[in-house]
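Lettering of chains follows the sequences in order, A, B, ..., and the numbering in each one begins at 1. Note that the coordinates shown come from a computational prediction; the quantities given were computed from them, not determined experimentally.
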Amino acid sequence: MPVRVRFAPSPTGFLHVGGVRTALYNWVVARQAGGAFVLRIEDTDEARNREEWVTGIDEAMRWVGLDWDERHRQSERADRHAAAAERLAAAGRTYWCDCAREEVDARARERGGPPGYDGHCRDLGKGPGGDAALRFRTPDEGTTTVVDVVRGEPAFPNAGIEDFVVVRSNGKVMFVLANVVDDIEMGITHVIRAEEHLPTTPKYLLLWEALGGGAPPVFAHLPVIVNEKRQKLSKRRDPVALELYRDEGYLPEVMLNYLALIGWSPPDGRERFTLAEMVAEFRLEDVGKSPGFFDVAKLRAFNGDAIRALPVEEFTARCQPWLTGPLAPWPPEAYDEQVFAAMAPLVQERVAVLSEVPAMVDFLLLSDVRVDEDDWARAAKPEAVAPLLDRVLEAWAEVPWEHVADEREPLKDSLFAIGDELGLNRKRAQAPVRAAVTGRSVGPPLFESLVVLGRERTLDRLRAARARL
RNA sequence: GCCCCCAUCGUCUAGUGGCCUAGGACACCACCCUUUCAAGGUGGCAGCACGGGUUCGAAUCCCGUUGGGGGUGCCA
């Protein structure tokens with residue numbers, strides 16, 4: 001039987017990073033088996049069915065490079081779901097129930113037992129219509145066991161599984177049923193999803209059997225991804241949208257690499273690997289069981305390494321959204337390809353995410369520098385800064401405007417010579433110049449930057465700074 | 001409350017009964033390099049939750065405790 005897996009996100013406005021990992025594992029399993037990766041958008045809840053949210057999923061998937069073989073929208077299969085519900089009803093596996101939530105709760109309280117539905121309408125022979133919902137009759141005895149590649153065989157006593165609703169009173173089919181129907185009809189062989197679905201899996205299995213689905217799929221419930229407080233990442237309090245990381249300048253291949261590592265690592269334990277390597281080495285049974293923390297610090301470290309490993313041309317190409325695109329902090333005409341090309345290698349080894357690039361070169365592209373108050377104050381503190389700037393201004397008006405490593409380095413030599421005479425070490429001598437010219441206390445190497453900036457602009461900025469002293 | 005899951009450095013993990021005085025990575029600290037910041041180099045800190053078993057031998061197997069998490073909808 002050909003391997004067929006599915007990734008079934010519901011449109012919530014963005015693609016959740018945890019979902020990306022789930023999609024990745026599914027995709028890898030499909031690719032290594034030469035099977036099919038099905039993208040199934042579970043949009044049956046109207047509140048989550050906004051068109052742009054649906055296309056947002058496609059875009060996000062494309063960005064990370066997880067291509068699908070089939071794409072379905074659950075909402076388009078409503079008739080299939082309804083037909084399945086009818087089959088269940090015809091087979092006597094369901095019954096109509098018009099108990100209100102409050103009644104169910106009240107009875108549970110009286111009973112003193114666990115909350116949940118008590119089977120009140122089971123044998124009342126009620127019909128559809130009004131507030132009636134269709135409930136699935138669950139077994140009172142026995143155990144439903146989930147055979148799970150990563151969890152073993154968790155067993156659930158059937159007595160603890162309430163008669164759950166499969167069709168709402170408004171006629172809409174519930175998620176579990178739609179899920180099972182789609183999985184059966186789409187020939188899904190492996191259900192790889194987040195651990196939070198484990199508790200509903202017995203219901204899934206019961207329905208699967210009731211619908212005559214044949215051999216159930218192989219399950220793999222992946223450990224959840226948690227925040228620093230060890231809670232499942234939530235869209236309300238945690239930065240979970242893949243788009244956020246994309247706009248911050250994380251590389252898609254790094255996102256995949258890092259996410260893969262939460263829950264799985266290659267046999268040899270190395271941490272950096274490509275998608276192709278993962279396809280070659282991944283095994284579902286090697287997936288870990290414990291929840292994993294989404295550590296942005298580590299993601300950043302991986303990203304910085306990956307950026308540095310890029311050929312410069314590619315680095316430059318990948319920077320375009322922040323240089324000439326919508327994420328650039330300046331108008332398109334401010335960008336100068338030549339200027340950036342001169343700085344690119346120096347910038348490349350200093351950023352961890354691409355969104356940090358503009359701040360590294362803005363002083364070269366913008367006509368006015370905004371000088372950071374604190375940085376300037378710190379750099380300008382020593383008494384000797386005023387005479388230093390005076391003498392540098394004088395010297396640099398004459399000196400050859402170049403910086404040649406290992407040979408003559410006129411800019412550098414003159415600055416440090418002046419600094420020496422005034423009792424300022426190299427660190428303190430370059431600081432006021434850097435702050436005056438670039439606006440910040442950190443940035444790419446100073447003399448290289450000045451060469452690109454040019455004599456006139458450099459001297460202008462130094463004069464302006466001298467005047468502020 | 002009830003059901004289910006989980007438990008190795010701060011974090012992600014390697015480890016599947018002797019190879020473990022527990023390895024790597026990120027973070028952190030120190031030093032080196034150095035025109036800032038990075039990068040790089042060297043070194044360091046730091047862990048098998050606890051208690052019982054099983055065994056010649058347990059991070060590895062079993063039971064319990066504790067701690068954490070998930071689920072418990074006419075959401076997906």
If the cut-off is 4.0 Å, is [X] near the phosphate of [N], judged by side-chain N/O to OP1 or OP2?
X      : N     : answer
A:S441 : B:U36 : no
A:R230 : B:C12 : yes
A:K427 : B:C37 : yes
A:R101 : B:G73 : yes

>> Between the base of B:G70 and the side chain of A:Q231, is there a donor and acceptor pair under 3.5 angstrom?
In response: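 Under the 3.5 Å cut-off, the side chain and the base do not form any donor-acceptor pair.
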
> Between the base of B:A7 and the side chain of A:K289, is there any donor-acceptor pair under 3.5 Å?
Replying inline: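 By the distance-only test, no, there is no pair.
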
Integer-rounded Å distance: [N] [atom2] and [X] [atom1]:
X      : N     : atom1 : atom2 : result
A:W96  : B:C74 : CH2   : C1'   : 11 Å
A:E162 : B:G73 : CD    : P     : 6 Å
A:D295 : B:C26 : CG    : C1'   : 6 Å
A:I225 : B:G69 : CD1   : P     : 17 Å
A:L415 : B:U35 : CG    : P     : 11 Å
A:F363 : B:U36 : CZ    : C1'   : 12 Å

Decide yes or no for [X] and [Y]: does some side-chain heavy atom of the first lie under 4.5 Å from some side-chain heavy atom of the second?
X      : Y      : answer
A:Y245 : A:V254 : no
A:S10  : A:F175 : no
A:L134 : A:P128 : no

Using a 4.0 Å heavy-atom cut-off across all strands, classify [X] as base, sugar-phosphate, or nothing.
X      : answer
A:Q348 : nothing
A:L446 : base
A:F293 : sugar-phosphate
A:D131 : base
A:P444 : base

Spacing of the [atom1] atoms in [M] and [N] (rounded, Å):
N     : M     : atom1 : value
B:A46 : B:G23 : C1'   : 14 Å
B:U11 : B:C37 : P     : 31 Å
B:G53 : B:A14 : P     : 30 Å
B:U54 : B:G68 : C1'   : 28 Å
B:A58 : B:C62 : C1'   : 12 Å
B:U60 : B:A22 : P     : 15 Å
B:C5  : B:G64 : P     : 12 Å
B:C20 : B:A38 : C1'   : 37 Å

> Looking only at side chains, do A:H190 and A:N26 share a donor and an acceptor under 3.5 Å apart?
Replying inline: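 On atom types as modelled, these side chains do not qualify, holding no pair under 3.5 Å.
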
> Between the side chains of A:H221 and A:T201, does any donor sit under 3.5 Å from an acceptor?
Replying inline: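 Yes, because at least one side-chain N or O of A:H221 sits under 3.5 Å from a partner of the opposite role on A:T201.
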
> Starting at the 5' end of RNA chain B, which residue's closest nucleotide do you reach first, A:D305 or A:I262?
Replying inline: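 Counting from the 5' end, the first nearest nucleotide belongs to A:I262.
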
>> Pick the closest RNA chain B nucleotide for A:G288 and for A:R350 by heavy atoms, then say which residue is nearer the 5' end.
In response: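 Going by which nucleotide is closer to the 5' end, it is A:G288.
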
> Can you tell me how far the CZ atom of A:R135 sits from the CZ atom of A:R122, to the nearest 0.5 Å?
Replying inline: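 One finds 11.0 Å between CZ of A:R135 and CZ of A:R122.
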
>> So is the aromatic ring of A:H197 stacked onto the base of B:G70, judging by whether the centres are under 5.5 Å apart and the planes are under 30° apart?
In response: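 So no, this residue does not stack on that base, at least one cut-off failing.
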
